[in-house]
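Because the structure is a prediction, the values reported are computed rather than measured. In what follows, chains are A, B, ... by sequence order, proteins preceding strands, each numbered from 1.
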There are 2 protein chains.
Amino acid sequence: MGWIMETYKGKKRQNYLEKHSISHLFSFLIEEFIEVREYKRDEWIIHEGMRPDYLYYVIEGKAKIYVTYQNGKVSLINFINAHDYIGEMELLHEVYYTKGIQASAKTVCFAIPLYRCRDKLLEDTTFLRELTRFLSVKATRMAEKYSQGLSFPLENRLADFILQTADGDVYKEKHVTVCDFLGVSYRHLLHVLVQFCEKGYLQKKGRHYHIRQPDDLHRLADVLKNGLDMGS
Amino acid sequence: MGWIMETYKGKKRQNYLEKHSISHLFSFLIEEFIEVREYKRDEWIIHEGMRPDYLYYVIEGKAKIYVTYQNGKVSLINFINAHDYIGEMELLHEVYYTKGIQASAKTVCFAIPLYRCRDKLLEDTTFLRELTRFLSVKATRMAEKYSQGLSFPLENRLADFILQTADGDVYKEKHVTVCDFLGVSYRHLLHVLVQFCEKGYLQKKGRHYHIRQPDDLHRLADVLKNGLDMGS
DNA sequence: ACAATAATATGAGATATCTCATATTTTGGG
DNA sequence: CCCAAAATATGAGATATCTCATATTATTGT
């Protein structure tokens, strides 16, 4: 299936480089090395287990990180959005088991060839500082999610997820994605959603859910927050 | 309780700086800035919610990262060992909710004052590259633990934990610590341990457990591993 | 437009895990 | 050496969550 990633050339490439310049993230001239690539929905940006030759910086779109376990179970580890890096592990480590990354919408990224830029990147203070910040946030988020996932029932985590992903007061994530992400069975996710509806927190409208009582959801979600909190 | 952290001076300090030199991790002369500190068992290296003024590098000992939730629930997020950094989040971010870090054995670390070194550190390629590696490993480990925690029952995670923390063929972690770390109730942890004994995987010897059938434990633990794996 | 596939839905029984109650043993501080 | 607190233990009932079975409804490729 779809492995027809498109590389923008000429004017289109130039346009992206200008409108979404990332030159301030580097202290050397990065532009000439960048390939501007577009991945279609469901296309794999990185195949699980295959070492990528590029460092990616996401310009627009979104993607998901997956890992497959030996028993065949597939787990959605995280979402990737604009301004995230992909493939930084391969830049930093000789040996690394690469996770799978799949675009969940049309996704445009800047691809920086490691074989030409690795040394430059690893000598670049501006870039390293930027990457360090990115990784520290990533590590913190993961740590939070980890302890939350273990410490609280789905009720709380789902309330948080709904509030975070709602479009206005409409929640419309796909159930299959959500139960992967929250690590629960489809059956149980539906069960809790029905409860939310019965309690009047949500109201089902066809395929979507309307948020009726955001305060109640906030009350459930706030339990996950630690002490003072900084938003993010 | 115990907040009498001791700072080594003179010869003792000099000794540590020489025997555990970290000058290769920096491209400027760091030695003169370093304070060598010793924290006693159960002493808090960083208090939750209080912004530390130092970046720490652990030389010997071990510690635990805790976070307290609004409902009073306390969660053990991770262990810290020799060669780990503490307080790097505060170096990188203006605003950050600091987690609590408690020594679980006598712990010696190098404390680098941020008010004197922040700018130097953030300009230092060698250090940034090092820190980036550290953070990338941390982020990956957390991501793995997260998805594992959600995806597998205690049986599998405990088998893994036992094998990882066993001293030879003797497992002797404190139950209270373990159930914090694995995010399960004390009752349930005991329940699964009893099962392991009944199945002959472990044998209880007073306060410790003797590993009888490591292969069976490995079989359970291996389920957590993804595809190829790289150890770490 | 049709067939195949993915996503949504719902029920029922099985497990994993939690909570609470209570008892015994170990440990650290005075 | 003694006490209070922490850690260990065990039972019983309540919940959260999973698995499997089975229908119905989108979506997608051709």
Side-chain angles (χ1 to χ4, degrees), chain A residues 1-4 40-43 64 69 71-76 102 104-105 148-159 171-199 202 204-209 220 223, chain B residues 1-4 40-43 64 69 71-76 102-106 148-159 171-199 202 204-209 220 223:
Chain A
M1 71 127 74
W3 41 278
I4 5 72
K40 307 247 181 319
R41 187 166 183 281
D42 291 337
E43 198 171 353
K64 300 176 201 158
Y69 292 98
N71 60 2
K73 194 163 196 166
V74 175
S75 181
L76 173 59
Q102 185 181 37
S104 50
Q148 287 171 8
L150 293 176
S151 300
F152 299 98
L154 180 60
E155 187 177 47
N156 300 101
R157 291 179 288 133
L158 180 59
Y171 168 74
K172 50 184 170 185
E173 293 299 317
K174 292 210 293 192
H175 298 333
V176 277
T177 307
V178 178
C179 52
D180 259 358
F181 186 60
L182 296 180
V184 295
S185 68
Y186 185 88
R187 190 66 193 81
H188 190 52
L189 173 63
L190 267 283
H191 182 229
V192 175
L193 277 172
V194 167
Q195 280 186 6
F196 280 6
C197 289
E198 280 170 354
K199 288 177 181 166
L202 301 177
K204 197 165 174 181
K205 296 261 180 163
R207 184 151 302 281
H208 300 165
Y209 291 81
L220 286 175
V223 176
Chain B
M1 70 125 75
W3 40 281
I4 5 70
K40 307 249 180 317
R41 187 166 183 279
D42 292 335
E43 198 171 353
K64 299 176 202 158
Y69 293 97
N71 61 1
K73 193 164 199 168
V74 176
S75 181
L76 172 60
Q102 186 182 35
S104 50
K106 181 186 119 178
Q148 286 170 9
L150 293 176
S151 300
F152 300 98
L154 180 60
E155 186 176 47
N156 300 102
R157 291 179 288 134
L158 180 59
Y171 168 73
K172 50 185 170 186
E173 294 298 318
K174 292 210 294 194
H175 298 333
V176 277
T177 306
V178 178
C179 53
D180 258 359
F181 185 61
L182 296 181
V184 295
S185 68
Y186 184 89
R187 190 66 194 81
H188 190 53
L189 173 63
L190 267 284
H191 182 230
V192 175
L193 278 172
V194 167
Q195 280 186 7
F196 280 5
C197 290
E198 281 170 355
K199 288 177 182 165
L202 301 176
K204 197 166 174 181
K205 294 261 180 165
R207 185 152 301 283
H208 301 165
Y209 292 81
L220 285 175
V223 176

Exercise. Taking only residues two or more places apart in sequence or in another chain, which ones pass side chain to side chain donor-acceptor pair (under 3.5 Å) with Lys40(A)?
Worked result: Glu38(A)
Exercise. Quick one: does Leu220(A)'s side chain get under 4.5 Å of Leu158(A)'s, heavy atoms only?
Worked result: no
Problem set entry | Sequence neighbours excluded, every pair satisfying side chain to side chain donor-acceptor pair (under 3.5 Å) that has a member inside residues 172-185 of chain A | Asp167(A)-Lys172(A)
Seminar exercise, completed: Per-nt protein contacts along nucleotides 25-30 of chain C (heavy atom under 4.0 Å; B base, S backbone sugar-phosphate only, - none) come out as -S----
Problem set entry | Angle between terminal axes - the helix from dA1(C)-dT30(D) to dG30(C)-dC1(D), 5 pairs each end, rounded to 10° | 70°
Exercise. Can you name the closest pair of heavy atoms from Leu182(A) and Leu150(B) and give their distance?
Worked result: O-CD1, 3.7 Å
Exercise. Looking only at heavy atoms, which two atoms of Ser104(A) and Arg41(A) are closest? And how far apart?
Worked result: O-CG, 3.8 Å
Exercise. Between residues 175-182 of chain B and DNA chain D, which residues have a heavy-atom gap below 4.0 Å?
Worked result: His175(B), Val176(B)
For this session: Identify, between Arg187(B) and Glu173(B), the residue whose nearest nucleotide on DNA chain D lies closer to the 5' end.
Result: Glu173(B)
For this session: Report the residues that fulfil side chain to side chain donor-acceptor pair (under 3.5 Å) with Glu155(B), sequence neighbours left out, ordered by chain and then residue number.
Result: Lys199(B)
Problem set entry | Those residues that, when tested against His208(A), pass ring pair (Phe, Tyr, Trp, His ring centres under 6.0 Å) (two or more places apart) | none
Exercise. Want to settle it: does Lys174(A) or Leu154(B) sit nearer the 5' end of DNA chain C, counting the closest nucleotide to each?
Worked result: Lys174(A)
Seminar exercise, completed: In short, Gly149(B) meets Arg157(B) closest at the heavy-atom pair CA-CD, 3.7 Å
Exercise. Can you pull the contact range of chain A along DNA chain D, 5' to 3', using atoms under 4.0 angstrom from its heavy atoms?
Worked result: dA16(D) to dT28(D)
Exercise. Do His191(B) and Val184(B) come within less than 4.5 Å of each other through their side chains, counting heavy atoms only?
Worked result: no
Problem set entry | Sequence-distant partners of Phe181(A), ring pair (Phe, Tyr, Trp, His ring centres under 6.0 Å), two or more places apart | Phe79(A), Phe161(A)
Seminar exercise, completed: Residue pair Leu150(B)/Leu190(B) against DNA chain D: nearer the 5' end by closest nucleotide is Leu190(B)
